[in-house]
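This report refers to the structure that appears directly beneath it.
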Amino acid sequence: MFKKIIIITSILLISLIAFMSCSKKENKLYVGTNAEFVPFEYREGDQIVGFDVDLINEVAKIIKQDIEFVDMAFDGLLPALQSKKIDIIIAGMTATEERKKFVNFSEPYYNSQQSILVHKDNNDIIGFDNLEGKNVGVVLGYTGDLIVSEMSNVNAQKYGATSEAVIALKSKKVDAVVLDYEPAKQYFNQNDDLKLILTDSVNEEYAIAMRKEDTELLKKVNDALNTIKENGTYDMLIEKYFNAGL
Ligand code: ARG
């Protein structure tokens, strides 16, 4: 008898805990990112920080939503969104036409471009045209990867992370790395042996990605972004991450 009561109580307790953790999950948004993209998202100790992190925290405050970050490989973000492992992506992600087929993007929050990093003593690469016949490092799934992989006679070397591509460049395993301008500039600033080349590549708009069906969330996020742009928060974040000599 006593045994039975214990068993029934434990079953009840377990179900209660399961129920509580489920309902908690319901009202929290899981934010996917790849925290290796300075100054948008990067690690400081075990903290994920950066422009995107502050921006999405501001959005969350406005739409009164608890969020939790999930850090993963960049090329895993879109599949994780589709399979509902995460609910939203903020990762300096360019709103490309191809990606728009699978997800909804918010209004853009930042404009960028591709740039080229080379070794300091490399004088023959001054633009995309000179990449022909060269080994070019890119990061798997980044727009830089998509662009370089489409160029004929360029040998694209794909790396799993930005830092790996840069290490390959420093040790001259590749002749160049094609990467978004802002993180490229950070690597350039921190490494005396690198040179940064600006390009006339197309403008890329970074935006927040959500599932196609989450139209209500999309509207809320866009409204929040507008508020952030209008009330000065956006300018403050730009100042903090781009003009304060980071
Ligand atoms: N803007 C590029 C893209 O959308 C690179 C983004 C990489 N972001 C990151 N958090 N690692 O493909």
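Both ligands and their constituent atoms are indexed starting at 1 by order of listing. Since the structure is predicted, the reported quantities are computational estimates derived from the model, not experimental observations. We number each residue from 1, following the sequence as shown.
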Which donor-acceptor pairs under 3.5 Å do the side chains of residues 54-63 make with protein atoms, sequence neighbours left out?
| residue | atom | partner | partner atom | Å |
| --- | --- | --- | --- | --- |
| Asp54 | OD2 | Lys240 | NZ | 2.6 |
| Asp54 | OD2 | Tyr241 | OH | 2.9 |
| Asn57 | ND2 | Val53 | O | 3.2 |
| Glu58 | OE2 | Lys61 | NZ | 3.4 |

Do the two ring centres, one from Phe242 and one from Phe40, sit under 6.0 Å apart?
-> yes

Please check if the side chain of Ser201 supplies one atom and the backbone of Gln114 the other of a donor-acceptor pair under 3.5 Å.
-> yes

Could you tabulate the donor-acceptor pairs under 3.5 Å formed by side-chain atoms of residues 150-160, not counting sequence neighbours?
| residue | atom | partner | partner atom | Å |
| --- | --- | --- | --- | --- |
| Asn155 | ND2 | Asn135 | OD1 | 2.5 |
| Lys158 | NZ | Asp145 | OD1 | 2.9 |
| Lys158 | NZ | Ser149 | OG | 3.1 |

What are the atom names and distances for all N or O pairs under 3.5 Å between ligand 1 and the protein?
| residue | atom | partner | partner atom | Å |
| --- | --- | --- | --- | --- |
| ligand 1 | 1 (N) | Gly92 | O | 2.8 |
| ligand 1 | 1 (N) | Thr94 | OG1 | 2.9 |
| ligand 1 | 1 (N) | Asp180 | OD2 | 2.7 |
| ligand 1 | 4 (O) | Thr94 | N | 2.8 |
| ligand 1 | 4 (O) | Thr94 | OG1 | 3.2 |
| ligand 1 | 4 (O) | Arg99 | NH1 | 2.8 |
| ligand 1 | 8 (N) | Ala91 | O | 2.7 |
| ligand 1 | 10 (N) | Asn34 | O | 2.9 |
| ligand 1 | 10 (N) | Glu41 | OE2 | 3.0 |
| ligand 1 | 10 (N) | Ala91 | O | 3.1 |
| ligand 1 | 11 (N) | Asn34 | OD1 | 2.6 |
| ligand 1 | 11 (N) | Tyr142 | OH | 2.7 |
| ligand 1 | 12 (O) | Arg99 | NH1 | 3.4 |
| ligand 1 | 12 (O) | Arg99 | NH2 | 2.9 |
| ligand 1 | 12 (O) | Thr143 | N | 2.8 |

Rounded distance [0.5 Å steps], CG in Asn104 versus CD1 in Ile208 | 12.5 Å

Which pairs count as salt bridge (Lys or Arg N to Asp or Glu O under 4.0 Å) when at least one residue sits in residues 114-141, sequence neighbours excluded?
-> Asp121-Lys172, Asp124-Lys134

